[in-house]
Structures are given as C-alpha cells and as structure tokens.
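Single-structure report; data block below.
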Amino acid sequence: MASRVAVVGAGPSGLAQLHSFVEARNQGANIPELVCFEKQHDWAGLWNYTWRTGLDEYGDPVHGSMYRYLWSNGPKECLEFADYTFAEHFGKAIPSFPPREVLYDYITGRAKKNNIRQYIQFATAVRWISYDETKETFELIVETLADGSTRTEEFDYVIVGTGHFSTPNVPSFEGFAEFPGRILHSHDFRDAREFAGKNLLIVGSSYSAEDIALQSKKYGANTVTITYRSAPMGFSWPDGIEEVPLLRKLTGSTAHFADGSSREVDAILLCTGYQHCLNFVEESLRLRTANVLYTPNLYKGVFWLGNPKMMYLGMQDQYYTFTLFDVQAWYARDYVLGRITLPPRAEMAADIDAWRTRLDGLADAFEEIDFQADHIADLAKDVDYPEFDLDLTRENFKKWEHDKEASITGYRDRGFTSPCTGSQAPAHHTPWWQELDDSMATFLR
Ligand code: FAD
Ligand code: NA7
C-alpha cells in the first residue's frame with residue numbers, strides 16, 4: 001500500500017483522479033495520502049475561465065485557452081459522469097450542448113459532493129518531478145506562488161493531469177512582421193466582439209478554427225476567411241465564412257493564398273493547435289507526443305513505460321473527455337491500491353504498439369470515434385467504474401458528425417439520449433446561432 005500520491009493539476013483529469021480514490025474510500029478501502037497541486041486559484045482547469053492572456057499575476061504562462069460564449073462542441077451525452085448524471089446535478093433534463101459555465105458547474109458539482117477540495121493546494125505549481133532510483137520515490141519541487149517559496153516533497157506515485165491545450169503552436173508566415181493588424185493564437189482569444197465589423201483571417205482547419213470562425217461571425221465579424229494546410233473542413237458555412245488554401249504570405253494587410261487568390265484582412269487568428277509542454281518533468285519521465293489518439297510510451301494511455309509509477313491522464317487527442325479521464329483515473333487508482341498488476345515491460349510495449357498500429361490505419365472520424373471508445377472499453381472492463389451505455393455514446397458521436405455535415409450552425413440544436421439514464425435531452429429554447437447570451441441562468445431557463 002502506497003503512502004503518498006501526488007496529483008498534478010486539478011482540471012477534469014486531476015479531479016477525476018481524486019474523486020476515484022474517495023469513491024474507493026466510501027466503499028471501505030484504505031486510501032493513500034493524496035496531495036493535489038494546482039497552479040491556478042481555482043479548480044476545473046480549462047473550464048475555469050480567465051480573462052488573462054500571456055502571463056499570469058506570478059509571471060507564469062496563463063493556462064486558460066477557453067473564451068467567452070464557448071458552448072460545448074460535442075454532445076454532453078458523450079461526456080457524462082456515469083456516477084453523477086446531468087439529471088442528478090441539475091435536477092431536470094437539460095439540452096445537449098451546454099455553455100462553458102454550465103459544464104463548469106457540473107464538473108465542480110461532483111467534486112463538491114465528495115469534498116475533493118480538501119486535497120488540493122491551490123496557487124501551487126509543480127516545478128520539477130524526478131525519480132530517486134535508490135529510494136524508489138519521486139521528488140517534486142513545488143512552488144507556493146504567493147511568496148515564491150519552494151520546497152521538495154517525496155511521493156510513491158505521481159499522476160500528471162496538466163492538460164495539453166495551453167502551450168500554443170505558433171507558426172510564422174512571410175509578411176507577419178509588417179502586418180498592420182493584430183495577430184494572435186486561439187490560446188489568447190477571449191471575446192469575439194473584438195472582431196465585430198472586421199475581416200478576420202483564421203489559420204487552421206480543426207476544432208478551434210471551426211468554432212472561432214462561427215463564433216466570430218455570430219458576434220458580428222464582417223467576413224471570416226479560413227485558410228487550411230491539409231484539407232478544408234468542408235462544412236456548408238453561413239454567408240461571410242469561406243475556406244481557402246494555405247496562406248502563402250502577407251503584403252501589408254493583403255493575404256495571398258496558395259490558389260493565387262488574395263484578400264484584405266484586418267486581424268489574423270492562428271488556430272494552429274497546441275504543444276504538449278511537460279517541461280517540469282525530468283527527461284527520463286517526460287511524455288513527448290503530438291496530439292494523437294494514442295500516445296507513444298503510455299501503457300493503457302496512462303502508465304509511463306519506463307516507470308509505471310509515473311502516470312499521465314488525458315494526454316490523448318479527445319473525442320471523449322470526462323468519461324475517458326474517469327476510466328483512466330479508475331485504472332490508475334486500482335494500480336496504486338494494488339488491485340491491478342501491470343504486465344512485464346515487453347508486454348506493455350507490445351500492447352502500445354498494437355494500438356498505435358491500429359491508429360495509423362484509421363480512415364476517418366467514425367473509425368477514430370470507435371478507436372477511442374475501444375480504448376475506454378479496454379480500461380473499463382478491468383475496473384468498477386459504474387456501467388453506462390458506451391455503444392450509445394459511439395452512436396451519439398457519429399450522429400453528431402452527421403449533424404455537423406447537415407448544418408454547422410444548427411448541430412447544437414439537436415438533442416441526444418443519455419448513456420446513463422436513457423432519457424432524451426430537450427431542445428434548447430433558442431437556436432444556438434441566434435442565442436447570444438451564454439449565461440447558465442438563461443440556458444437553464
Ligand atoms: P486542463 O483542463 O487543461 O487542466 C489542467 C490543470 O493543470 C489546470 O488547472 C492547470 O492550471 C494545472 N496545471 C498545469 N501545469 C501545472 C503545474 N506545473 N503545476 C500545477 N498545476 C498545473 N472538451 C469537451 O469535452 N467539450 C468541449 O466543448 C471542449 N472545448 C474545448 C475548448 C477549448 C478552447 C479547449 C482548449 C479545450 C476544449 N475541450 C473540450 C477539451 C479539454 O481539454 C477538456 O475538456 C479538459 O479540460 C481537459 O482536462 P485536463 O484536466 O486534462 O486538463
Ligand atoms: P488541433 O485539433 O490540434 O488542430 C490544429 C490545426 O492547426 C490543424 O488543422 C492543423 O492543420 C493546423 N496547423 C498546425 N500548424 C499549422 C501551420 N504551420 N500552418 C497551417 N495550419 C497549421 O487544435 P485545435 O486548437 O483546433 O483543437 C484543440 C482542442 O481545442 C480541441 O480539443 C478543441 O475542442 C479545442 P493540419 O490539419 O494538421 O494540416
């Protein structure tokens with residue numbers, strides 16, 4: 001039985017980890033000492049909105065990448081906690097695509113129910129994680145941000161849940177240095193109203209590009225041009241949004257594209273994704289990966305191959321989010337509690353290889369959804385995470401993909417069936433494309 005477990009980060013992943021241990025304790029298990037370090041002042045990670053950009057009040061990079069008026073981009077019926085349903089939290093059925101504040105309330109609602117806060121040291125950043133081979137323990141150097149004091153603490157296990165959508169990937173293009181308008185990465189995007197009346201250029205063709213393009217138009221941008229590197233998203237965009245091939249260069253405020261076309265733009269938004277930044281982890285324990293559905297070197301997507309007492313949660317690209325973090329947390333917990341024994345290293349390596357080979361062969365989003373659902377099933381079969389209808393979530397995600405093809409401005413008006421309660425979500429009272437108020441009070445009205 002371990003004596004001390006460090007959880008780094010109190011976002012949805014870290015909270016899932018703490019919650020899983022408390023659930024085991026509620027069922028009579030002895031649990032180790034838990035210490036969660038969270039560098040922000042509050043919990044829920046990215047869902048804890050901040051107006052700040054750049055550096056925070058302590059000179060640290062701001063973690064937050066979420067923006068005002070952000071609504072869930074997938075159905076809530078694909079991320080529902082199996083042991084804490086939306087119906088339980090809100091006391092009634094709610095529509096399928098809640099705004100950020102509603103999901104924040106839901107995530108923190110479960111954490112409050114189990115009094116998780118007691119384990120978290122806020123405004124405390126982990127600066128370095130290393131492993132002492134002789135003592136067989138981890139050493140964490142942590143900093144209390146308020147006074148800059150540091151200390152070293154020892155742990156038997158470390159579970160890192162620090163997210164990977166906070167350190168922007170920022171490419172440069174010819175002419176950027178002379179561009180007369182604002183150039184920013186989606187990490188620093190906060191309020192679409194800033195671009196009302198403007199002609200916006202968006203670089204990228206994934207979730208951020210899609211959502212920020214729509215949102216900017218919704219809140220008054222004059223035109224939005226989306227420039228793609230590999231392929232266009234290909235949705236039926238509303239008037240004023242258009243996709244063009246990759247940006248070649250800027251001359252002044254004129255953007256020139258690979259197909260020879262050009263247009264005048266007032267501001268440029270780089271929706272070019274994020275980097276996994278785990279620079280507080282010593283080299284031999286540090287995950288290095290692109291944003292993929294199955295990372296190298298993590299057995300079951302969780303256990304560091306070189307030392308499985310070092311665990312990572314939520315490091316994959318994500319169709320599934322909270323459900324994935326939950327089953328990963330349950331699995332990590334059961335390993336720490338000695339309920340699960342991991343196979344020898346060669347077997348773990350072969351298992352990772354098999355998943356990654358399958359990943360290489362995936363043809364489309366539908367196969368990717370099944371792949372990540374299978375990852376969840378692979379974990380869930382070994383732990384006592386409460387049952388829910390995983391196959392229904394696959395169907396929900398696939399229907400969602402079709403809904404987006406049918407109407408990119410209307411897909412959030414659809415309702416889905418809960419994999420936990422079987423109940424059908426009601427329609428929102430106002431179509432998303434017309435709804436400018438994203439407050440919880442208005443959403444739940
Ligand atoms: P995070 O939420 O990033 O939390 C990590 C925590 O670790 C943070 O609180 C951070 O402060 C802390 N931390 C980091 N470094 C340290 C350190 N060194 N020491 C101490 N603490 C540290 N998912 C959905 O399901 N639906 C959506 O609609 C959706 N929209 C998204 C929109 C945007 C713009 C982005 C960027 C992501 C979105 N996501 C969405 C995905 C999101 O990644 C997950 O929902 C979820 O927030 C991931 O949880 P996490 O705990 O792994 O990471
Ligand atoms: P993603 O999903 O990692 O996508 C990054 C996009 O940026 C992708 O379309 C890339 O093009 C594009 N990209 C990256 N580098 C470049 C350069 N140099 N030039 C042009 N385009 C580039 O990140 P997102 O921010 O969209 O989504 C991450 C999370 O945030 C997600 O969970 C959302 O819910 C919110 P590619 O297609 O590879 O050619």
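Quick note: residue numbers are just sequence positions, from 1. As the structure lists them, so they are numbered: ligands from 1, and atoms in each ligand from 1.
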- Task: Would you please test D360 and R356 for salt bridge (Lys or Arg N to Asp or Glu O under 4.0 Å) and show each step?
- Result: CA-CA 6 Å; D360 287 342; R356 285 179 55 82; over 6 Å; no
- Within 4.0 Å of some non-hydrogen atom of V126, the atoms of ligand 1 are 17 (C), 18 (N), 19 (N), 20 (C)
- Query: At a 4.0 Å threshold, what atoms of ligand 2 neighbour a non-hydrogen atom of L246?
  - Reply: 20 (C)
- Note on the structure: With F97 as partner, the option from W71, F443, Y411, W433 fulfilling ring-ring contact (aromatic ring centres under 6.0 Å, His included) is Y411
- Does ligand 1 have an atom that lies less than 4.0 angstrom from a heavy atom of L70? yes
- Message: Going by the closest heavy atom to atom 28 (C) of ligand 2, which one wins out of F165, Y319, Y207?
- Response: F165
- Contact (N/O only, under 3.5 Å) between Y67 and ligand 1: no
- Any idea which protein heavy atom is nearest atom 23 (O) of ligand 2, and the distance to it? G273 CA, 3.4 Å
- Could you give the distance from CZ (R248) to OG1 (T227), rounded to the nearest 0.5 Å? 9.0 Å
- Do any nitrogen or oxygen atoms of S65 lie less than 3.5 angstrom from nitrogen or oxygen atoms of ligand 1? no
- Task: Take D370 and R358, measure what salt bridge (Lys or Arg N to Asp or Glu O under 4.0 Å) needs, and give me the verdict at the end.
- Result: CA-CA 11 Å; D370 278 329; R358 182 178 159 199; over 6 Å; no
- Item | Salt bridge present between E101 and R68 (N-O < 4.0 angstrom) | no
- At the 4.0 Å heavy-atom cut-off, does F322 count as touching ligand 1? yes
- Message: What's the separation between atom CZ in F235 and atom OG in S407, rounded to the nearest 0.5 Å?
- Response: 10.5 Å
- Message: Cation-pi check for W47 against R100: NZ or CZ below 6.0 Å from the six-membered ring centre and within 45 degrees of the axis, yes or no?
- Response: no
- Item | Pair R117 + D42: basic N to acidic O under 4.0 Å | yes
- Can you tell me the protein heavy atom closest to atom 9 (O) of ligand 2 and the distance? S205 N, 3.0 Å
- Task: Please work out which of F189, W47, F325 has its closest non-hydrogen atom nearest to atom 40 (C) of ligand 1.
- Result: W47
- Query: Who's closest to atom 30 (N) of ligand 1 heavy-atom-wise, of E38, Q316, Q328, M66?
  - Reply: M66
- Distance-only N or O hit between ligand 1 and L79, under 3.5 Å: no
- Contact summary for A332 and M311, nearest pair of heavy atoms: CB-SD, 3.6 Å
- What protein heavy atom sits nearest atom 6 (C) of ligand 2, and how far away is it? C271 O, 3.6 Å
- Message: Counting only nitrogen or oxygen atoms and a 3.5 angstrom limit, does R229 reach ligand 2?
- Response: yes
- Can you tell which part of Y274 has a heavy atom less than 4.0 Å from ligand 1: side chain, backbone, both or neither? neither
- Note on the structure: One finds that the ligand 1 atoms under 4.0 Å from a non-hydrogen atom of G161 are 5 (C), 6 (C), 7 (O), 51 (O)
- Note on the structure: In this structure, atom 19 (N) of ligand 2 is nearest to the protein heavy atom F173 CZ, 3.8 Å
- Query: Does a donor on one side chain sit under 3.5 Å from an acceptor on the other, for T225 and R263?
  - Reply: yes
- Message: Over 60° means perpendicular and under 30° means parallel, so tell me whether F397 and Y319 are parallel, tilted or perpendicular.
- Response: perpendicular
- How far is atom 3 (O) of ligand 2 from its nearest protein heavy atom, and which residue and atom is that? N291 ND2, 3.4 Å
- Would you say ligand 1 has an N or O under 3.5 Å from any N or O of T124? no
- Message: Polar contacts were defined as any N/O atom of the residue lying under 3.5 Å from an N/O atom of the ligand; does this apply to N73 and ligand 1?
- Response: yes
- How close does the nearest protein non-hydrogen atom get to atom 27 (O) of ligand 2, and which residue and atom is it? S208 OG, 3.6 Å
- Query: Is there any N or O on S230 that sits under 3.5 Å from an N or O of ligand 2?
  - Reply: yes
- Message: Between E210 and K404, is the salt bridge (Lys or Arg N to Asp or Glu O under 4.0 Å) condition met? List the steps.
- Response: CA-CA 11 Å; E210 170 200 316; K404 287 176 74 173; 3.0 Å; yes
- Got the closest protein heavy atom to atom 4 (O) of ligand 2, with its distance? S206 CB, 3.1 Å
- Considering distance alone, does some N or O of K39 sit under 3.5 Å from an N or O of ligand 1? yes
- Message: Taking side-chain hydrogen bond (donor to acceptor under 3.5 Å, both in side chains) as the criterion, tell me which of R190, R193, K218 meets it with Y69.
- Response: R193
- Side chains of D413 and H428: is there a donor and an acceptor less than 3.5 Å apart? no
- Of Q121, H164, H63, the residue with the heavy atom nearest atom 3 (O) of ligand 1 is H63
- Query: Would Y385 and D326 count as having a side-chain donor-acceptor pair, cut-off 3.5 Å?
  - Reply: yes
- Would you mind running through ligand 2 and noting each atom that sits below 4.0 Å from a heavy atom of Y274? 25 (O)
- Is S166 close to ligand 1, meaning an N/O of one under 3.5 Å from an N/O of the other? no
- Query: Regarding H41 and N48, is there a side-chain donor-to-acceptor distance under 3.5 Å anywhere?
  - Reply: no
- Item | N73 N/O to ligand 2 N/O under 3.5 Å | yes
- Query: Looking at R110 and D83, does any basic side-chain N land under 4.0 Å from a carboxylate oxygen?
  - Reply: yes
- Task: Using a 4.0 Å heavy-atom threshold (strictly under), name the region of T321 that reaches ligand 1: side chain, backbone, both or neither.
- Result: side chain
